[in-house]
Amino acid sequence: MPVTIVNHEILAVDGGTPVRKTLLPYGRQSIAEDDIQSVVDVLRSDWLTTGPKVGEFEEAFAARVGAKHAVSFSSGTAALHGAVFAAGLKPGDEAITTPMTFAATANCVLYQGAAPVFADVSSDTLNLDPEKVAAKITAQTRAILPVDYAGHPADLDAILELADRHGMTVIEDASHALGAEYRSRDVGSIAHMTVFSFHPVKHLATGEGGMVTTGRADCAEALRRFRNHGISSDARQRQAEGHWHYEMVLLGFNYRLTDIACALGLSQLKKLEVNLARRRQIAARYAIAFRDQAGFLAPTVRAEANPAWHLYPIRLNLEKLSVGRAQIFRALRAENIGVNVHYIPVHRHPYYRDRFGYGSGGYPIAEDAYERLVSLPMFHGMSDQDVKDVIAATRKVVLHFAK
């Protein structure tokens, strides 16, 4: 795909003409008429929530990822909370996770009164480093929460081996990784529990929504009760059986996903393969365009992984640039490329600093990566021209600031 190099032009941030006339976001949902009709059909039905679409979506999703059970939730965060509950975490327990993630991954441990413990990441994928995890295990460790950063699966076999050796549960945060493969296995069928998100910028959108997949019937049962106030049956089940009696058997939450959202999820699930193929095509075009770029490092893909490409995070080679990440970010935004940064390491957020006393230096790989990271636009609705614009603008800005 030919791309014009415009490094001699004046940057838009300095008053030049931007590469694009309108802003291209880093992510965006794709909703078609059939998606809309699926929602309209539910709005005209008898059930807006706890109805038949919930079970249909869960069954179809479980089949797609090769899991025995799938339990839907009102958000990815609610799904994480449910998984930590099902793993039995309680006050006094610890769970090891990565600082290179959205805060919800660690927050869900706190929701159960347990303590999140961070371990540093691998320098190539920015996924949780199993050796660093091993060094953090104590007698209180009950779970490991690896994150499939940007859609690249974590080192799941090594993490599961560690967990099995110490009797711990692995809760894989695959919010970025629906459709990814690890050693020819589908993400969602590998860890003890796997959590997905259906936020609009993800591969499958339900507005808000999440799912936990598992091979364990006991976990699935705990998840279903936890998302429904701790009640042992749901309204549709009671109506079908013709009785009113129900019992609350544990302290749960209202984390149910509606039939409206599940209908949209079912419609979107049918397009997942096409969406994945498009994201992988965009990633391949980026990789070719940026392979000889000295100003930054494109994402690494390990031989055993087939990423799902939720994000396309580059890492700036600041030693070869005359400015820092903030100026590169502003310059790309001025070119109407809606870059973002994923993520501020969790331990750097004020809440974690104030509560746990975290400072800088404890997780050098994650902290160094954060200072360099910029997420380029990556979503399946991007046109070929959008991809060309991202490549042209990135080259334009980085070459302008090259030493």
Side-chain angles (χ1 to χ4, degrees), residues 39 42 47-62 65 67-90 95 97 101-114 116 143 145 147 169 171-176 178 188 191-200 202 204-214 216-238 246-266 268-269:
V39 171
V42 168
W47 293 92
L48 299 187
T49 193
T50 63
K53 290 298 177 185
V54 177
E56 288 179 34
F57 183 37
E58 291 173 341
E59 290 176 11
F61 193 91
V65 303
K68 290 182 179 178
H69 309 278
V71 182
S72 61
F73 281 81
S74 55
S75 69
T77 301
L80 281 165
H81 189 187
V84 171
F85 170 84
L89 267 71
K90 59 186 184 306
T97 191
T101 185
F102 185 60
T105 312
N107 290 351
C108 69
V109 178
L110 291 173
Y111 297 159
Q112 285 302 111
L145 281 77
V147 172
T169 302
I171 302 168
E172 179 186 2
D173 185 343
S175 297
H176 294 183
L178 176 56
H192 300 130
M193 285 182 279
T194 306
V195 177
F196 297 91
S197 168
F198 306 139
H199 184 274
K202 300 300 192 338
L204 182 161
T206 63
E208 292 282 0
M211 191 79 77
V212 183
T213 60
T214 182
R216 292 175 47 178
D218 60 333
C219 286
E221 182 63 21
L223 289 162
R224 291 189 184 99
R225 291 178 174 180
F226 184 73
R227 65 148 181 216
N228 189 33
H229 304 280
I231 294 171
S232 57
S233 62
D234 62 40
R236 183 164 174 259
Q237 179 183 358
R238 292 193 296 275
Y246 65 88
E247 294 179 329
M248 177 184 154
V249 296
L250 55 87
L251 182 61
F253 291 76
N254 181 358
Y255 280 162
R256 300 184 301 255
L257 191 60
T258 67
D259 276 56
I260 300 167
C262 287
L264 179 56
L266 276 165
Q268 292 256 304
L269 186 60

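Both backbone and side-chain heavy atoms feed into the values below; hydrogens, waters and symmetry mates do not. Just so you know, these numbers come straight off a predicted model, no measurement behind them.
- M248 CE to H229 NE2: the interatomic distance, rounded to the nearest 0.5 Å, is 9.5 Å.
- E208 and S75 share no side-chain donor-acceptor pair at under 3.5 Å.
- Formation of a donor-acceptor pair under 3.5 Å by the D259 side chain with backbone atoms of G51 is found in this model.
- The distance from the CG atom of D173 to the CZ atom of F196 is 10.0 Å, given to the nearest 0.5 Å.
- Side-chain contact, R227 with S72: a donor N or O sits under 3.5 Å from an acceptor N or O.
- Side-chain atoms of N107 and T77, non-hydrogen and from C-beta on, never get closer than 4.5 Å to each other.
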Ignoring hydrogens and angles, write down the donor-acceptor pairs under 3.5 Å from the side chains of residues 78-88, residues two or more places apart or on other chains.
residue: H81; atom: ND1; partner: Y255; partner atom: OH; Å: 2.9
residue: H81; atom: NE2; partner: Q112; partner atom: OE1; Å: 2.9

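- Counting only distance, with no hydrogens or angles, the side chain of T213 and the backbone of G188 share a donor-acceptor pair below 3.5 Å.
- Taking the side chain as every heavy atom from C-beta outward, V42 and K53 approach each other to under 4.5 Å.
- Among all heavy-atom pairs drawn from F61 and L269, the shortest one is N-CD2, 3.8 Å.
- Not one N or O on the side chain of T206 forms a donor-acceptor pair closer than 3.5 Å with the backbone of G265.
- Proximity of V109 to T97: side-chain heavy atoms (C-beta onward) are nowhere separated by under 4.5 Å.
- Here E221 contributes atom CD and S232 contributes atom OG; the two are 8.5 Å apart, rounded to the nearest 0.5 Å.
- Atom-to-atom distance recorded for F73:CZ and F253:CZ is 11.0 Å, nearest 0.5 angstrom.
- Checked against the 6.0 Å centroid criterion, the rings of F57 and F198 qualify as a close aromatic pair.
- Judged by distance alone, the side chain of T258 and the main-chain N or O of T49 form no donor-acceptor pair under 3.5 Å.
- L266 approaches A60 most closely through the heavy-atom pair CD2-CB, 3.9 Å.
- Nearest approach of P116 to L110, heavy atoms of both residues: CD-CD2, 3.5 Å.
- For the atom pair CG of L145 and CG of L89, the computed distance is 8.0 Å after rounding to the nearest 0.5 Å.
- Summarising the geometry of A205 relative to P200, their closest heavy-atom pair is CB-CA, 3.8 Å, with the distance given to 0.1 Å.
- Here the NE2 atom belonging to H69 is positioned 12.0 Å from the CE atom belonging to M193, to the nearest 0.5 angstrom.
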